[in-house]
2 protein chains.
Amino acid sequence: MALGGNAILQSHQRGTAAEQQANVAATAAQIGELIETGWEVVITHGNGPQVGNILIQNEEAAGIVPPMPLDACGGQSQGLLGYFLQQALGNELRARGIRCQVGAMITQVIVAADDPAFVSPTKPIGPFFTRERAERLKEERGYVVAEVGSRGWRRVVPSPDPKAIVERDIILGLVQAGVVVVAAGGGGVPVIAGPGGGYRGVEAVIDKDLAGQQLARDVKATHFLILTDVERVMLDYGRPSQRPLDRLTVREAREHLAAGQFPPGSMGPKVEAAVRFVEAGGELCAITSLDKAVDALRGMAGTRVMAEENTDRREEPGL
Amino acid sequence: MALGGNAILQSHQRGTAAEQQANVAATAAQIGELIETGWEVVITHGNGPQVGNILIQNEEAAGIVPPMPLDACGGQSQGLLGYFLQQALGNELRARGIRCQVGAMITQVIVAADDPAFVSPTKPIGPFFTRERAERLKEERGYVVAEVGSRGWRRVVPSPDPKAIVERDIILGLVQAGVVVVAAGGGGVPVIAGPGGGYRGVEAVIDKDLAGQQLARDVKATHFLILTDVERVMLDYGRPSQRPLDRLTVREAREHLAAGQFPPGSMGPKVEAAVRFVEAGGELCAITSLDKAVDALRGMAGTRVMAEENTDRREEPGL
């Protein structure tokens, strides 16, 4: 399952540890219910607000402490949120009398050095700057900056496509041993293969749902849950004809994606992630809210993405 | 093996990511040599300068971003250094043609809620403050502060004794599966058991060598390497009679510890960690510098702590 940002921090909150840990405890209770029902669970999560705060802290202390590059900040956020989740989930499972270990793994995710995203960075991260400050950071640190809405300028970074998880075999081994694994947090730390075959971090952000589908495939998951702040995917979102979707075949999903039904920075990657998971052989991907996760797996909530419409099975031409 | 701070950051360096990653690459080369020689390796590491920098960043941005408590900062530092080590070691092993996975685990270490250290915090952490600022932090956040040398005031926190590693079974499973594990970074995130049986973080710092001996025992290590910035432990350190030690029996080590031969914040916990490891059945603990690690395991360098002096075996009275 890929936990959305709201599973850890609500948008109206400032982001204290107490707030985040209370949210994570509530999230852990939901996950505990799933596990008690018999599901084996592997978890990934977003890190937007947390890495955003780490970047602000880096900027504010830049005169005293060397700022860390984005890949290192991503590692930090994995440590922070891995700790929160590991502790809360462990406590939840112990309280339920479930003898099951929880382990958070630092995770590197490989991206292609020639991913087109590196040519045109689009993902805004970190603090807002004045135009002057943005220009200076562009010169001094080589940042790509862009005016974002009315609040000012921000750094924008590439959002390349995840290709593979470096720690895949370890994670799979843990899952097979019955461990509840937290991995690929924040989409994973993006790395590219160097000339000598080694990996090195790059300043980029991988979409956590796209990384999540890679993780789900790598651990041979049958089901993939994308948990967000809405119960269902909408067609014609924001228009009078807006309507929620109960089910989507991958074919329908691809058509809607091509028609621009789902916005790039938000529902788009979720539907794309769902489609990739099912196309790679996954049984079902459900996009829904955290509190509907159990119902969605029972077919009673969420938008369920499957290879074909079960109740209306048609033969494909040529098959 | 417990890596000392200098394996990641030299004391004259500012602490940029590039500096740390270059040091870690050199460290990884040494560890790679050990692994190529046939040793199975589990790694822990200090986090002093890194968590210190994170604390400074938290303070500098405190007006904008809620500062994280020390346990959460510890988790962050595990993510940061786990990422650096995991990447560098993975690259090193691939370059040597060794097919071996490297995995960094977020680790919680249990301490006793009634550990005497909580009554008298002694471990200085984070930035230096003026007396006024220190007084304010004492009032506003309940910090315990102390004047440290001539540079000003610092926060001091308890340094409780590690009792057990929450993720022990996972780490042991990974080691048995042949994974090179990085765990219990910075001594682990200290947690205490709550009334309901769950764990919660505490604002404290566990000595990384003491946590390291717990880790070594938990993974059933035969040998424990404590790597620091000197090649051997000294007797009468700083006096004219100062001399390096090649070997120490646990009995001799206990006598020297009781006689105050090894300073509390520095060599003391290392010798204590060595003694505990050997007393718990470990074959050998070597305290030495990183570049002598291979030689120390061959008996050609470092201070080797063992149950008894092999070349001069005496019967214990009553045995």
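Naming convention: chains lettered A, B, ... in sequence-line order (proteins, then strands); numbering from 1 in each chain.
Checked by atom type and distance alone, the side chain of N91(B) pairs as donor or acceptor with a backbone atom of Y199(A) at under 3.5 Å.
Residue L174(A) touches chain B through its side chain alone, counting heavy-atom pairs closer than 4.5 Å. Of the atoms belonging to V191(B), it is side-chain heavy atoms, and not backbone ones, that fall under 4.5 Å from chain A. Of the atoms belonging to I171(B), not a single heavy atom falls under 4.5 Å from chain A. For a residue to count as touching a neighbouring chain, one of its non-hydrogen atoms must lie under 4.5 Å from one of that chain's; by this rule R94(B) touches chain A with the side chain only. Within the 4.5 angstrom heavy-atom criterion, no atom of A177(A) approaches chain B. With a 4.5 angstrom heavy-atom cutoff, A72(B) touches chain A via backbone and side-chain atoms both. Of the atoms belonging to A95(B), not a single heavy atom falls under 4.5 Å from chain A. Proximity to chain A (any heavy atom under 4.5 Å) is shown, for S77(B), by neither the backbone nor the side chain. Contact of L81(A) with chain B is not made at all, since no heavy-atom distance falls under 4.5 Å.
Screening E19(B), R14(B), Q20(B) against P66(A) for a side-chain contact (heavy atoms from CB on, under 4.5 Å) leaves a single residue, R14(B).
Here I170(B) contributes atom CD1 and I170(A) contributes atom CD1; the two are 12.5 Å apart, rounded to the nearest 0.5 Å. One finds the CD atom of Q57(A) at 10.0 Å from the CG atom of L55(B) (value rounded to the nearest 0.5 Å). Distance check: I106(B) CD1 to Q86(A) CD gives 7.0 Å after rounding to the nearest 0.5 Å.
Annotation: maximal heavy-atom pairing with chain B below 4.5 Å, among E167(A), Q78(A), R200(A), occurs at E167(A). Heavy-atom pairs under 4.5 Å with chain B were tallied for A17(A), G63(A), A104(A), C73(A); the largest tally goes to A104(A). For the options Q101(A), E59(A), Q87(A), heavy-atom pairs under 4.5 Å to chain B are most numerous at Q87(A). Of all the listed residues (P69(B), G201(B), G173(B)), the one sharing the greatest number of non-hydrogen pairs under 4.5 Å with chain A is G201(B). For the set V179(A), V166(A), T107(A), D169(A), the entry with the most heavy-atom pairs within less than 4.5 Å of chain B is D169(A). Ranked by heavy-atom pairs shorter than 4.5 Å toward chain B, the options G82(A), G90(A), G15(A), A18(A) are led by G15(A). Top candidate by heavy-atom pairs under 4.5 Å with chain B, chosen from Q76(A), E60(A), Q50(A), Q21(A), is Q76(A).
No more than 12 heavy atoms of other residues, nucleotides or ligands lie within 6.0 Å of CD in E40(B), so this atom counts as exposed by the packing criterion.
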Practice task
Using the side chain to side chain contact (heavy atoms under 4.5 Å, CB included) rule, take Y83(B) and Q108(A) through it: C-alpha gap first, then chi angles, then the decisive distance, then the call.
Solution key: CA-CA 8 Å; Y83(B) 162 59; Q108(A) 304 173 85; 3.9 Å; yes
